[in-house]
Structure formats: structure tokens, C-alpha cells
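This report concerns only the one structure given below.
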Amino acid sequence: MPELAEVEYYRKVWSVGTGEAVRRIRLHPQARIFRESNSTAIGQTLTGKTFTNSITHGKKMLFRFSEGCYLGIHLGMSGSLSACAKEMVPSRHEHLVLIMETCALVLTDPRMFGKVLFHQGDAPPDWWANLPPQPQEADFDQRYLNHILESHRRQPLKALLLNQSEFPGIGNWMADEILWQARIHPATTAGSLSPYKRKKLFNRIKHVCVEALRIIGTDWGDPPESWLFSHRWKRGGFCPATGKPLAFETIGGRTTCFSPAIQKY
DNA sequence: CCCCATGTTCGACA
DNA sequence: GTGTCGAACATGGG
């Protein structure tokens, strides 16, 4: 499910527990989401610590606790975060639950493609260091984008936009939305864009990221009908710009929705 | 039964 | 090194 805006939304969902201590932890020790961490140690170490704040980077979240404890979460394909009454009883897919003073913070993930990391120490964790510029931030500028395009010049743009090292947080629907708004065919190779199209691509990356964060990232609102977003989910949809049928093809290994009449190479 | 899914990684291959 | 492809992970929905 989650791309950068949904991730930001879920981060805020857990912020109702800010300033509270972890009273106890319930988790499924064998759940696949703990494959790169020690679930038992998480339960033992995090109990009693106070939740101080959180940040996101791309599709990753970092939750900070007292005494140098850091909980990293990636939601994978089907993960989500929620908050509920602290008397809750975890169901089958609620693999990690932090019972706080006034609420319970819950990580649900049916498919378990997500993952949980944990770190305690004076320095921040290695897995939260040397992170690339995020597309919605000011240090991600036209020059930086041009550099990315040049260094992957033979890649189809759809595949490149899904590369988390270069475009952290952009996922399948955002990549399609950006290319549709920029009127660029998703199979266009990165190195073949004219200066005009590079500028247009940059402009649409910023627009889609910033607007998605504003609309979805705050209270899970729906993007405007003028976006591809609401027309792309089922086959047989129509392009909101032309009224013509949308096309679906596998590009960069993922189902890609685009409007052939207006997205040219 | 079939196919599809907002993600990532890995091995095989050209 | 580049890039592509399919499979794998595990579960649910249509």
C-alpha cells in the first residue's frame, strides 16, 4: 500500500502515543517482518522506554524512544499502523503492539513484506545514515534530477522512478501519476529526454510529491479527479484529460497505467 | 480454480 | 557493468 504520503500519514497515526511510556509489548516473534531483527530483544529493551518523536524518509519510518532506542519500520506492500484502546487483543496480522499509557500502537501486515529494525545506542542506527535527497525536499533540484537521468540513461523512466536509492518514497501509483502529468511515455529512456521534458518531469515530481503529502499525508484525503489517481485502479478506466481508454502494460516489472494518446516518447 | 495487488531482493541470462 | 525478466516472499480480494 504505502508510498511516501501514506507512510507520512501512518507515522502521524502513532504520534498519539508521543510522550508516553511503553508499558508492555505484544508481538508475534516468528513473524517474517522480524527477519532482520531480534523480536525478543525488541520486546525486552523497548518496554519502559518513552516514545519521544518520529520521522520518515521515503517509505521508511523511524520512531525514537528514550535511552537511545530506535524502532525502524517499513510497511512493505500491505502494512499499516493504527492506534486503539490499550485493552486490545492482537489479531492474526497484528504482529507488533506497543501498549502505551493511554493507547495501543499497532503494526498490522498480512503479507509481511514489511520489516522491523531495532537499535539502541548513543549514535543513530547505521540503517538511518547516508540517506539520499527526498524528491519533495529543496536539495532535490533540477540539477540533481538531471544527474540521475544521465547516470541511468538507458533505463525506462518508469523503472527508474521506482528506484528507491534515487527517488525515495515514489511507488507504483506515484510514478504513473508523475509520468502521466508530464505527458511522457513510461517506457521512455531516461537519457532521451529533451531539456524541456526534463524540466517538465522535475516540475511534476515536485507537484505530485508535495500535493500527495498535503492531501493524503495529513488525513488520507483523495487527490483531485483531474489526476490519473482515481481512474487507474480498475481496467477499463478512461484518461481524465482525453476521455480515451487508459492502457495497462508491464514496464519495469510492474503494472503501468498510462494514456497512449498523450504520453509520447 | 484463475488473476491481481501502492514492495523488495535475488539469481539467471543477454 | 547494464539491463531485463521471472520468481520468491505470504495473504486476501475479485
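Proteins get letters first, then strands, A, B, ... in listed order; numbering begins at 1 in each.
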Check: A:H57 side chain, A:P132 main-chain N or O, donor-acceptor pair, under 3.5 Å: yes
Whole angstrom value for the distance that separates C1' of C:dT11 from CG of A:D109: 10 Å
Separation of atom CH2 in A:W233 from atom C1' in C:dG14, rounded to whole Å: 16 Å
Nearest to side-chain heavy atoms of A:P110, which nucleotide of B:dG7, C:dG3, C:dT11: C:dT11
Sugar-phosphate, base or nothing in reach of A:R111, heavy atoms under 4.0 Å: base
d(CD, A:Q30; C1', C:dC9) in whole Å: 16 Å
Atom pair NZ/CD of A:K206 and A:Q136 - distance to nearest 0.5 Å: 7.5 Å
Spacing of A:H152 atom NE2 relative to C:dG1 atom P, expressed in whole Å: 14 Å
Any donor-acceptor pair under 3.5 Å from A:H74 side chain to A:I33 backbone: no
Short side-chain N/O contact to B:dG7 OP1/OP2 from A:H74, under 4.0 Å: no
N or O in side chain of A:H93 less than 4.0 angstrom from C:dG12 OP1/OP2: yes
Protein-nucleotide distance (A:H28, atom NE2; C:dA10, atom P), rounded to Å: 16 Å
Check: A:N146 main-chain N/O paired with A:R198 side-chain donor or acceptor under 3.5 Å: no
Phosphate-side-chain proximity, A:R254 and B:dG7, N/O vs OP1/OP2 below 4.0 Å: yes
Value in whole Å for how far the C1' atom of C:dG3 lies from NZ of A:K158: 17 Å
Stacked pair A:F113-B:dT8, distance under 5.5 Å, angle under 30°: no
Heavy-atom donor-acceptor pair, A:E6 side chain to A:G217 backbone, under 3.5 Å: no
Distance in angstrom units between A:K60 NZ and B:dT8 C1', rounded: 12 Å
CA sep, side-chain torsions, deciding dist, call: A:W180, A:F229, ring pair (Phe, Tyr, Trp, His ring centres under 6.0 Å): CA-CA 10 Å; A:W180 178 80; A:F229 181 85; over 10 Å; no
Nucleotide opposite C:dA10 in a Watson-Crick or G-U pair, distances under 3.5 Å: none
Sugar-phosphate, base or nothing in reach of A:R35, heavy atoms under 4.0 Å: nothing
Gap in Å between the two P atoms, one belonging to C:dG1 and one to B:dT8, rounded: 23 Å
N or O in side chain of A:R92 less than 4.0 angstrom from C:dG12 OP1/OP2: yes
Proximity to the side chain of A:T255 - top-ranked nucleotide from B:dA5, C:dT11, C:dT4: B:dA5
Side-chain N or O of A:S78 closer than 4.0 Å to phosphate OP1/OP2 of B:dA5: no
A:K234 NZ - B:dA5 C1' separation (whole Å): 16 Å
B:dC1 and C:dC9, which share atom name C1', separated by this distance in whole Å: 22 Å
Any A:Q164 side-chain nitrogen or oxygen under 4.0 Å from OP1 or OP2 of B:dT9: no
Residue-phosphate contact under 4.0 Å: A:K59 side-chain N/O, B:dT8 OP1/OP2: yes
